[in-house]
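Keep in mind that this is a model prediction, so the values were computed, not measured. Below, chains carry the letters A, B, ... as their sequence lines are ordered, and counting in each starts from 1. Computed from heavy atoms alone, side chains included, the values below leave out hydrogens, waters and symmetry copies.
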There are 2 protein chains.
Amino acid sequence: MPTKNAGTATSGKAPARENSGQAIATVERAADVLMHFAETPSNTLGVTEIAEALGMSKAAVHRILASLRVRGLIELDQSTRRYSLGVGAMRLGLAYLDRIDVRRIAAPELVTLSQRTDETATLSIRTGNYRIYVDQVTPAREVIMSVNLGVAHPLHAGASSKAFLAFLTEEEMENYLSLGALEPLTGNTIVDKARLRRELASIREGGYAQSFSERMSGAASVAAPILDHHGRPVAVVSVCGPVERFRAEVGECVARLLESTARLSAQMGWNASERG
Amino acid sequence: MPTKNAGTATSGKAPARENSGQAIATVERAADVLMHFAETPSNTLGVTEIAEALGMSKAAVHRILASLRVRGLIELDQSTRRYSLGVGAMRLGLAYLDRIDVRRIAAPELVTLSQRTDETATLSIRTGNYRIYVDQVTPAREVIMSVNLGVAHPLHAGASSKAFLAFLTEEEMENYLSLGALEPLTGNTIVDKARLRRELASIREGGYAQSFSERMSGAASVAAPILDHHGRPVAVVSVCGPVERFRAEVGECVARLLESTARLSAQMGWNASERG
DNA sequence: AAACAGCGTTACTGTGTGCGGAACAACCCC
DNA sequence: GGGGTTGTTCCGCACACAGTAACGCTGTTT
C-alpha cells in the first residue's frame, strides 16, 4: 500500500519533477543547475535567474551553487556576484573526450547495424599510415564476410581505408599520397593517384565510401567515418559482404550505415549542423 | 597516529570534509563522485570501487550514480554494470571552453605562432593561485612538446607561470609568495624567494619570461602575458619545445611571441603606448 | 555441478538534513 | 533617499536520504 502522501501543508505548484525510481532528488536538481549553464547562451547566471528558469526556490539554488563551488564545478565572481562554470567542468569534459574508447561506444551500434543489414559490421581505427580492424559483428547466416582484427591495411584500398583518407586534412592526405606508389592488392585496387584524388573528393562529398574487391577479391563494402568534435575521423564503420549479393544491397546498407555513424559522431561531440 | 598529513597540503585526500557553512553535503558527495571519474586513470568504475575510494557506502554511491545518470552526466554499460562519464560531462567541458573568450580570440594567433617558430604554442589562464593550459597548437614535426590541458600548475615554476606572477599587482604577488615555501618541481625550480623576486622584476622589465626545465625536466619555454585594458594579465601565451634544441631558438621565439601577444593585448583593449 | 565470492541492486526504518517562506542586506537606478 | 532589484541568511518542521543488511546475479573455483 503506497500511502506515502500524507497531506502536507500545500506545497503549491509541485512541478512534478520525475524521479526515476531510486534516485536522489537533490542531486538531480544540482545536475539540472549544472546543465543549465551548458544550455543557456549566457556566460554567467544569477541565483534568481536560475531559480526561475528551473522552478526552484532561491534558497535551494544558492545552496546548490555553494556546494558545487566548493568542488570547483562552479565559479563565483565576487565583484558581480554572478556564477559561471568552473575549471572542474572542463576537467570533466576533457576526461570524457580522452577516455572514450570508440570501440566500447560503437559496439552496440555495430550489433544494430549488422542486424538491420544482415551483413558484417566492422570498426577500424588508424595508426599512422595504416588502418586496423578493432571490432566486428557478423550476421547469423551461412555465407558471410569476416575480417582479421589487428592486421594493418594501407589507406588507399577498400572502403574503410578510403573513408579514413578522405576525411583527413589535405595535408595528411597529400602526405600519404607522397609516400610512394599505390600498391595494388587486387586487380581492382586504385593505383592511379589522380583517380584516387577524384574518388576521395567524391567520398567527402557523399559522406561515405564504397569498394568492390579493391582490397580483397570477392569482398564488397561501404564505409563512413565517426567524427569527433574537431571533425576529425576517430574511427570508421563499415558494412561488408560477399560481392555477388552486395551490389543489390548497397543502397540499403549505405542508409543504415549513415544512420549509425551519425549517432556515433554525435556521441563523440561532432555537431553536424555546424559544419555539414 | 599516521603522520601523513605533514607538509604537502595539495593532494590531501584526508577525510577532512570541509563544509563551507551552508552547502549541501549530498551535492558535494555527488560532485566528488563525478570528479573521481575525471581524476582516476581508469575509464570505467564500479560502485564498490568508488565507494571505497571516497569512503562512502555502496548504497549512497549507487543512488548518486542513478541520479547523475538520469541527467546524462554518467552512463551505465548495461552489460558490464560499470559506470563512465556521459555526454553531459562533455557538454559541460565544451561549454566552459566556449566561454573563455580569450581562447577564441587567441586560437588563430597560436596557429600562426606555432608555424613561425615550428614549436608548440600554448595558452594558459589563471584560477586563483594556479594556472592551467586551456589550448595548445603543436607543429608538424616528430619531436615536440605537448602539455596536458586542464591540470593545475603553481605560479612560480615555468615560463608561463612566472609570466603570470610577474604581471600581477604587488599585493597579489606578495600574497602568493606568503602562502608557503616554493615547492620544487624539478632540480631547476626557483625555490629562493629573494631570487624569484629579482627574476620577476626582470620579467616585468623585459616583457617576457623564460624557463629551462623549471617546471618539467627536458622542457624549455618562453612566455608573455596578454594584457587587458587595465593592464592585467588575462592569459599567458608560451612557445615551448625540447630543451636540447630550444636554446638555439630562444631569440627567434621571443620575437615571434611578443609580436603575437602585442596583437592579442591590443585586441583585449590594452594600449601599450599609454603605459607600456 | 555445486558451492563460493564478489558484484550491483533493493528494502526498510530512524534521524539527521535539506526544504521553503520570509526576513535581511547590499546594491542599482531613477 | 525611496522603490525595486538582487544575493544571502535564518529557522523549525517534515520528509527524504543514509546506513545496514539482505537479495539476486554472474563468473570463477573446487
Side-chain angles (χ1 to χ4, degrees), chain A residues 1-34 36-37 40 42-71 74-84, chain B residues 15 17-33 36-37 40 42-71 74-84:
Chain A
M1 292 282 287
T3 58
K4 50 172 89 171
N5 262 357
T8 62
T10 69
S11 72
K13 35 210 160 181
R17 194 168 295 284
E18 297 192 19
N19 190 329
S20 73
Q22 58 284 9
I24 306 174
T26 309
V27 173
E28 291 191 8
R29 278 190 294 203
D32 285 336
V33 170
L34 208 46
H36 189 61
F37 279 90
T40 200
S42 163
N43 279 13
T44 69
L45 292 170
V47 173
T48 3
E49 210 170 336
I50 300 170
E52 287 179 358
L54 301 179
M56 303 168 52
S57 74
K58 284 199 299 177
V61 171
H62 182 259
R63 282 190 295 258
I64 287 171
L65 288 172
S67 310
L68 294 175
R69 198 158 80 84
V70 174
R71 295 300 187 257
I74 288 290
E75 280 170 6
L76 168 62
D77 185 327
Q78 286 286 0
S79 60
T80 65
R81 301 268 92 187
R82 288 181 69 79
Y83 295 84
S84 59
Chain B
R17 193 168 291 285
E18 299 185 18
N19 191 331
S20 70
Q22 59 282 13
I24 307 174
T26 308
V27 173
E28 291 190 7
R29 275 189 295 207
D32 285 336
V33 169
H36 188 61
F37 278 90
T40 200
S42 165
N43 279 10
T44 68
L45 292 171
V47 173
T48 322
E49 212 170 335
I50 300 170
E52 286 180 357
L54 301 179
M56 302 167 53
S57 73
K58 283 200 298 178
V61 171
H62 181 260
R63 281 190 295 259
I64 287 171
L65 288 172
S67 311
L68 294 175
R69 197 158 81 85
V70 173
R71 295 300 188 258
I74 288 290
E75 281 170 5
L76 167 62
D77 185 327
Q78 287 286 0
S79 61
T80 65
R81 302 267 95 185
R82 288 181 70 80
Y83 295 84
S84 58

Practice item. Sticking with atom C1', work out how far dT5(D) lies from dG1(D), rounded to a whole angstrom. Key: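 dT5(D) and dG1(D) have their C1' atoms separated by 16 Å.
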Between [atom2] of [N] and [atom1] of [X], the distance in whole Å:
X	N	atom1	atom2	result
E28(A)	dC19(C)	CD	P	13 Å
R82(B)	dG27(D)	CZ	P	14 Å
D77(A)	dA26(C)	CG	P	18 Å
I24(A)	dC19(C)	CD1	P	12 Å
I74(A)	dG7(D)	CD1	P	14 Å
L45(A)	dG7(D)	CG	P	10 Å
I64(B)	dG8(C)	CD1	C1'	15 Å
M56(B)	dG8(C)	CE	P	14 Å

Short side-chain N/O contact to [N] OP1/OP2 from [X], under 4.0 Å:
X	N	result
R63(B)	dA18(D)	yes
H62(B)	dT9(C)	yes
R29(A)	dC19(C)	yes
R81(A)	dT8(D)	yes

Measuring from the side chain of [X] (C-beta onward, heavy atoms only), which nucleotide among [options] has the closest atom?
X	options	value
Y83(B)	dT9(C), dT8(D), dG18(C)	dT9(C)
T26(B)	dC17(D), dG8(C), dG20(C)	dC17(D)
A59(A)	dG18(C), dT8(D), dT9(D)	dT9(D)
T48(B)	dT8(D), dG8(C), dC17(D)	dG8(C)
K58(A)	dT20(D), dT10(C), dT8(D)	dT8(D)

Check your understanding: Starting at the 5' end of DNA chain C, which residue's closest nucleotide do you reach first, S79(A) or L76(B)?
Key ->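 That would be L76(B).
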Study note, to complete from the structure: All heavy atoms of A23(B) vs all of S67(A), minimum pair found to be CB-OG, 3.3 Å
Less than 4.5 Å apart, side chain to side chain, heavy atoms only: is that true for [X] and [Y]?
X	Y	result
M56(B)	I50(B)	no
F37(B)	I74(B)	yes
L65(B)	L76(B)	no
T40(A)	E49(A)	no

**Study point:** Which residue lies more 5' along DNA chain D, comparing E52(A) with V27(A) via nearest heavy atoms
**Key:** E52(A)
